[in-house]
Amino acid sequence: MALRNIVTDTDHFLRKKSRPVDRFDERLHVLLDDMAETMYHEDGVGLAAVQVGVLRRVVVIDVGDGIIELVNPQIIRQEGEQEVTEGCLSCPGKRAVRLRPKKVTVKAQDRFGKEITLEGEDILACAFCHECGHLDGELFYDNVIRMVDPDEE
Ligand code: ZN
């Protein structure tokens with residue numbers, strides 16, 4: 001495993017749309033392993049492949065309950081609403097308050113191509129939305145209630 005460099009939001013690369021994965025091979029597994037290692041090293045709760053310079057629809061998440069790997073994820077259901085304060089490993093120093101659904105169901109594939117369906121509430125629902133947004137070139141502060149002043153906390 002290896003740490004990868006994180007692309008920051010000063011780079012327009014993050015606005016690109018990622019392509020679906022169609023080969024569930026060793027190369028994908030190495031990418032997933034490297035992404036997990038990079039996320040833990042940076043103390044993040046989620047990372048999308050575009051953030052390490054790879055335009056593929058691949059996401060890793062760990063909100064404290066173990067690693068979740070999502071390949072070609074799609075949000076298929078959203079319920080409720082929550083106000084969250086969010087940040088992003090690609091946007092150092094920036095935090096913002098925004099609305100996210102309270103509960104999210106996501107359909108994806110695992111690293112071997114098997115279809116999986118996962119439900120997430122609260123912070124996990126937020127992570128699903130945040131990371132899936134990256135795959136379409138979105139950043140968490142595109143649609144905010146307000147930015148958080150760095151001195152506020
Ligand atoms: Zn992010």
Side-chain angles (χ1 to χ4, degrees), residues 3-21 28 31-32 34-111 114-153:
L3 291 176
R4 305 241 181 158
N5 288 326
I6 294 186
V7 180
T8 62
D9 64 340
T10 52
D11 194 327
H12 189 75
F13 188 80
L14 287 181
R15 294 304 189 174
K16 290 179 184 279
K17 201 173 154 91
S18 296
R19 294 183 299 270
V21 170
L28 172 67
L31 172 65
L32 280 161
D34 288 355
M35 284 171 62
E37 190 179 356
T38 305
M39 173 181 72
Y40 289 127
H41 183 258
E42 300 289 336
D43 266 328
V45 297
L47 194 67
V50 61
Q51 293 179 274
V52 295
V54 178
L55 282 176
R56 289 289 175 181
R57 303 186 83 81
V58 177
V59 159
V60 294
I61 291 170
D62 189 341
V63 296
D65 300 322
I67 188 79
I68 295 174
E69 297 176 343
L70 301 175
V71 180
N72 301 327
Q74 268 183 297
I75 290 170
I76 56 170
R77 213 167 88 175
Q78 314 188 4
E79 277 174 71
E81 206 171 65
Q82 60 175 328
E83 197 176 296
V84 290
T85 304
E86 248 175 79
C88 175
L89 291 180
S90 289
C91 315
K94 292 192 181 113
R95 288 166 67 74
V97 179
R98 61 166 298 158
L99 290 176
R100 292 288 193 188
K102 177 88 174 146
K103 197 172 164 187
V104 167
T105 306
V106 67
K107 198 178 98 180
Q109 285 165 285
D110 71 8
R111 60 164 61 204
K114 184 173 164 261
E115 280 207 2
I116 50 173
T117 303
L118 297 173
E119 267 186 19
E121 279 188 69
D122 303 321
I123 185 174
L124 184 54
C126 176
F128 283 156
C129 294
H130 180 116
E131 300 310 330
C132 287
H134 275 302
L135 304 182
D136 291 320
E138 292 165 17
L139 290 170
F140 74 99
Y141 52 70
D142 288 345
N143 189 8
V144 300
I145 297 172
R146 64 183 174 90
M147 296 300 285
V148 176
D149 189 312
D151 302 325
E152 202 177 308
E153 289 166 291

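Keep in mind that the numbers below use all heavy atoms, side chains included, and drop hydrogens, waters and symmetry copies. Position 1 is the first residue of the sequence; numbering continues from there.
- Using a 4.5 Å heavy-atom cutoff, the side chains of Ile145 and Leu99 are in contact.
- Taking each heavy atom of Ala96 and Met147 in turn, the nearest pair found is CB-SD, 3.6 Å.
- Between Leu32 and Val71, the closest heavy-atom pair is CD1-CG2, 4.5 Å.
- No side-chain heavy atom of Gln74 sits less than 4.5 Å from a side-chain heavy atom of Cys132.
- In this structure, Arg57 and Pro20 have side chains that are in contact, with non-hydrogen atoms separated by less than 4.5 Å.
- Judged as a salt bridge (Lys or Arg N to Asp or Glu O under 4.0 Å), and not counting sequence neighbours, Lys107 has no contacts.
- Not counting sequence neighbours, the partners of Arg15 by the side-chain contact (heavy atoms from CB on, under 4.5 Å) test are His12, Leu139, Tyr141, Asp142.
- The two residues Val148 and Val97 come nearest to each other via the heavy atoms CG2-CG2, 3.8 Å.
- Using a distance-only test at 3.5 Å, with no hydrogens or angles considered, a donor-acceptor pair links the side chain of Asn72 to the main chain of Val21.
- Not a single side-chain hydrogen bond (donor to acceptor under 3.5 Å, both in side chains) links Glu131 to another residue, sequence neighbours left out.
- In terms of the side-chain hydrogen bond (donor to acceptor under 3.5 Å, both in side chains) criterion, residue partners of Lys17 (sequence neighbours excluded) are, by chain and number, Asp136.
- In this view, Ala127 and Ile61, Val63 satisfy the side-chain contact (heavy atoms from CB on, under 4.5 Å) rule, not counting sequence neighbours.
- Of all heavy-atom pairs spanning Ser90 and Gln51, the tightest one is OG-NE2, 2.9 Å.
- Using a 4.5 Å heavy-atom threshold, the side chains of Leu124 and Ile68 count as touching.
- For Arg4, the salt bridge (Lys or Arg N to Asp or Glu O under 4.0 Å) partners at least two apart in sequence or on another chain are Asp34.
- Residues Ile116 and Leu70 have side chains in contact (heavy-atom distance under 4.5 Å, counting atoms from C-beta outward).
- Atom CD of residue Glu138 and atom NE2 of residue His130 lie 10.0 Å apart, to the nearest 0.5 angstrom.
- No donor-acceptor distance shorter than 3.5 angstrom exists from the side chain of Arg111 to the backbone of Leu28, with no hydrogens or angles considered.
- Annotation: side-chain contact (heavy atoms from CB on, under 4.5 Å) contacts of Lys102 (sequence neighbours excluded): Gln82, Asp122.
- For residues 71-91, the pairs satisfying salt bridge (Lys or Arg N to Asp or Glu O under 4.0 Å) are Arg77-Glu79, Glu86-Arg100, with sequence neighbours left out.
- Side-chain contact check for Asn5 versus Val52: every heavy-atom pair is 4.5 Å or farther apart.
- Listed by chain and number, the residues in a side-chain contact (heavy atoms from CB on, under 4.5 Å) with Pro92 are Thr8 (sequence neighbours excluded).
- Within the 4.5 Å cutoff, the side chain of Arg98 has heavy atoms near those of the Val84 side chain.
- Within the 3.5 Å criterion, the main-chain N or O of Thr85 finds no donor-acceptor partner in the side chain of Arg95.
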(request) Take Leu31 and Val54, measure what side-chain contact (heavy atoms from CB on, under 4.5 Å) needs, and give me the verdict at the end. (result) CA-CA 9 Å; Leu31 172 65; Val54 178; 3.9 Å; yes
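- Under the side-chain hydrogen bond (donor to acceptor under 3.5 Å, both in side chains) criterion, Lys94 pairs with Asp9, not counting sequence neighbours.
- Nearest approach of Gln78 to Pro101, heavy atoms of both residues: OE1-CG, 3.4 Å.
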(request) Please assess Ile76 against Val106 for the test side-chain contact (heavy atoms from CB on, under 4.5 Å), listing each intermediate value before the final yes or no. (result) CA-CA 6 Å; Ile76 56 170; Val106 67; over 6 Å; no
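- The shortest distance between side-chain heavy atoms of Leu47 and Leu89 falls below 4.5 Å.
- Between Met39 and Ile67, the shortest heavy-atom distance links the atoms CE-CD1, 3.7 Å.
- Between the CD1 atom of Ile6 and the CG atom of Asp11 there is a distance of 13.0 Å, given to the nearest 0.5 Å.
- Among residues at least two apart or in separate chains, side chain to side chain donor-acceptor pair (under 3.5 Å) pairs with a member in residues 35-50 are Tyr40-Asp62.
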(message) Evaluate Leu118 against Phe128 for side-chain contact (heavy atoms from CB on, under 4.5 Å), listing each step before the verdict.
(response) CA-CA 10 Å; Leu118 297 173; Phe128 283 156; 4.1 Å; yes
